[in-house]
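Written out below as structure tokens is the structure these notes cover.
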Amino acid sequence: MIEVSDLWKAFGDNQVLKGLDLRIERGTTCVVLGASGSGKTVLLKHVVGLLKPDRGRVVVDGVEISSLEGKALTDARRSFGMVFQGSALFDSMTVFENVAFPLREKQRGIPSDELRARVVEKLRVVDLGEEVLELWPAQLSGGMKKRVALARALVAEPQVVLYDEPTTGLDPITTDYVDSMIVSTKERLGVTSMVISHDIASSFKVADRLAVLHDGRILAQGPPEEVRGSRDPYVQKFLALWFGKQ
Amino acid sequence: MGAIRRSLEDFGQMILFGAEALTWMVRPPYRLELVLAQMAAIGAGSSFIVAVTGLFAGMVLALQGHYAMRSFGAEGYVGGFVAVALVRELAPVFTALVVTGRSGSAISTEIGTMRVTEQIDAMETMAVNPVQYLAVPRMLAATLMFPALTMLFSTVGYLGGYVIGVDVQQIPPGPFLDHTRSMVDVHDIMHGLLKALIFGAVISIIACYRGYSAAGGAKGVGEGTTRAVVTSSIAILILDYVVTFVSLSGD
């Protein structure tokens with residue numbers, strides 16, 4: 001379970017988060033929906049301990065991430081997998097080396113045949129075959145990069161998977177594919193997922209719960225249909241941009 | 001005042017970064033394969049340009065030495081002059097400047113690109129400390145390879161000086177070699193290698209830090225690389241003076 005309580009964060013004079021509260025139950029997918037600059041990525045980086053809050057706390061599965069430092073934080077991160085907006089594949093490593101990286105670090109000395117088998121297994125989960133193992137990230141399409149990034153996030157079998165704008169910049173077919181991957185990953189592996197997005201259509205497809213973030217605060221959160229019926233003017237206006245088209 | 005304060009803060013951050021890297025050097029896991037890869041990139045990869053620079057530095061020293069000393073009949077001292085100048089000053093300083101341009105900029109650009117494309121954040125989320133994974137191997141490799149490259153510079157430079165002095169300027173080889181032996185001792189060689197060791201450590205910290213603290217996309221990476229090369233070059237010249245001053249004071 002992920003619990004974010006009264007989270008505040010400023011960068012210089014720019015107050016990004018203003019007392020944000022969010023709760024994600026274990027084994028569910030919560031999509032944090034918001035416009036660019038609303039503080040979504042800053043929130044995500046607090047959850048994984050890449051940023052420290054000015055005030056408030058982040059607790060993941062009973063561990064207060066926001067108060068950890070050094071080795072304790074490093075150890076706590078072993079329960080996370082994260083898919084970055086730009087995939088963030090290591091461009092000096094092949095696909096195999098990228099996907100194997102978290103596993104090699106978690107289980108140093110893992111036999112090479114077991115390592116290869118687990119990498120191939122996770123690539124199959126995202127519909128990629130062994131022919132991509134020796135390719136470099138620069139040789140992959142945007143959709144393939146996303147899939148390799150997801151395989152890398154899942155290979156060490158995390159309990160929590162974080163997605164930063166997973167469908168940004170993808171074509172509609174690949175977007176639909178990535179949405180399906182997020183849903184199937186939750187169903188097959190039972191992971192807790194947090195998705196940061198401004199893609200309203202995708203959000204309604206993958207979310208068990210939705211949270212609308214604006215100006216550093218969560219304006220509405222709950223099951224997607226409940227959030228759709230929110231009376232908050234900003235939430236209505238934001239969702240109308242999509243539902244108004246339909 | 002604001003600019004001075006920012007510069008001091010930046011300098012302090014760089015010192016803290018170096019200190020953090022030092023603490024990670026002695027903590028497992030030890031990544032020997034990454035150190036060896038960096039030794040190949042910094043050491044073997046720079047050997048050609050270092051050798052070429054050394055060759056021409058030694059040759060021009062022999063020309064200048066012969067021109068200056070022939071007026072009072074001291075051509076025989078050219079060998080000693082070339083050797084002392086190379087091992088104490090020119091080899092460590094020129095090697096450091098050349099390797100800064102080649103490898104320091106490459107280190108800063110590579111780490112900076114990883115920073116702005118979130119590869120360093122990704123590494124952190126995989127429970128891997130990026131300072132240990134990226135900076136420590138580069139610092140160890142540079143600290144070990146700078147003295148080796150400096151020795152290469154001195155050796156090739158002296159050979160270049162010998163060819164110009166003995167074969168072109170017709171200085172008899174006996175006095176050329178005798179004065180080299182009498183004017184250069186182990187202390188001079190160690191003095192040069194100590195400088196190289198310090199330059200290697202400092203330059204690698206600067207290059208890694210500038211990459212690690214890059215922000216703002218390709219422009220930020222470019223600015224970080226420029227600052228890495230400029231700061232390193234100035235640091236080399238200042239440290240060269242300081243080490244020489246301390247060393248000569250001790251004598």
Side-chain angles (χ1 to χ4, degrees), chain A residues 11 41-42 44-51 60 65 68-93 97-109 137-138 145 148-150 152-156 158 160-165, chain B residues 2 5-6 9 16-17 19-24 26-34 36-38 40-41 45 106-138 211-218 220-221:
Chain A
F11 297 97
T41 301
V42 173
L44 194 72
K45 289 189 172 180
H46 277 90
V47 173
V48 75
L50 289 173
L51 291 173
V60 179
I65 299 291
L68 296 180
E69 298 275 357
K71 189 174 183 307
L73 179 59
T74 302
D75 290 342
R77 282 183 179 142
R78 294 190 202 285
S79 62
F80 289 102
M82 185 161 169
V83 181
F84 285 80
Q85 185 175 352
S87 299
L89 298 178
F90 302 126
D91 46 24
S92 59
M93 297 183 193
E97 289 165 338
N98 263 285
V99 180
F101 187 87
L103 210 50
R104 274 194 176 127
E105 292 300 323
K106 192 175 180 182
Q107 299 175 30
R108 293 188 75 80
K145 280 182 187 169
V148 173
L150 182 58
R152 186 178 68 175
L154 297 178
V155 75
V160 178
V161 183
L162 308 171
Y163 301 86
D164 187 7
E165 308 260 9
Chain B
R5 192 180 147 199
R6 276 196 300 280
E9 278 177 0
L16 289 175
F17 179 85
E20 187 186 350
L22 281 177
T23 63
W24 276 108
V26 293
R27 289 163 66 177
Y30 304 111
R31 302 176 188 278
L32 186 61
E33 72 285 0
L34 295 180
L36 291 174
Q38 289 302 320
I107 289 171
S108 182
T109 305
E110 186 181 4
I111 296 179
T113 303
M114 290 184 74
R115 165 62 78 196
V116 300
T117 55
E118 295 187 307
Q119 293 176 53
I120 289 180
D121 284 346
M123 199 172 272
E124 282 194 76
T125 62
M126 290 176 226
V128 175
N129 185 290
V131 174
Q132 192 202 30
Y133 193 90
L134 297 171
V136 167
R138 286 164 174 78
Y212 200 76
S213 57
V221 175

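Convention: sequence-line order gives letters A, B, ...; per-chain numbering from 1.
Residues of residues 98-105 of chain A lying within less than 4.5 angstrom of chain B, judged on heavy atoms, are A:Phe101, A:Pro102, A:Glu105 in numerical order. Residues of residues 108-116 of chain B having a heavy atom under 4.5 Å from any heavy atom of chain A, listed by number: B:Met114.
Residue contact with chain A, scored on non-hydrogen atoms closer than 4.5 Å, involves the backbone and the side chain of B:Thr125 alike. Residue A:Leu89 touches chain B through its backbone alone, counting heavy-atom pairs closer than 4.5 Å.
Other residues, nucleotides and ligands contribute only 12 or fewer heavy atoms inside 6.0 Å of the CZ atom of B:Arg6.
At least one side-chain heavy atom of B:Asp121 sits less than 4.5 Å from a side-chain heavy atom of A:Lys45.
Atom-to-atom distance recorded for A:Leu50:CG and B:Glu124:CD is 5.5 Å, nearest 0.5 angstrom. For the atom pair CD of B:Gln119 and CE of A:Met93, the computed distance is 8.5 Å after rounding to the nearest 0.5 Å.
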Could you pull out every donor-acceptor pair under 3.5 Å between side chains of residues 70-77 of chain A and any protein atom, sequence neighbours left out?
{"unit_1": "A:Lys71", "atom_1": "NZ", "unit_2": "A:Asp75", "atom_2": "OD2", "d": "3.0"}
{"unit_1": "A:Thr74", "atom_1": "OG1", "unit_2": "A:Gly70", "atom_2": "O", "d": "3.1"}
{"unit_1": "A:Arg77", "atom_1": "NE", "unit_2": "A:Val48", "atom_2": "O", "d": "3.0"}
{"unit_1": "A:Arg77", "atom_1": "NH2", "unit_2": "A:Gly49", "atom_2": "O", "d": "2.8"}

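Listed by chain and residue number, nothing satisfies the side chain to side chain donor-acceptor pair (under 3.5 Å) test with A:Glu69 (two or more places apart in sequence, or in another chain).
Closest non-hydrogen pair, A:Gly86 versus B:Glu118, comes out as N-OE1, 4.3 Å.
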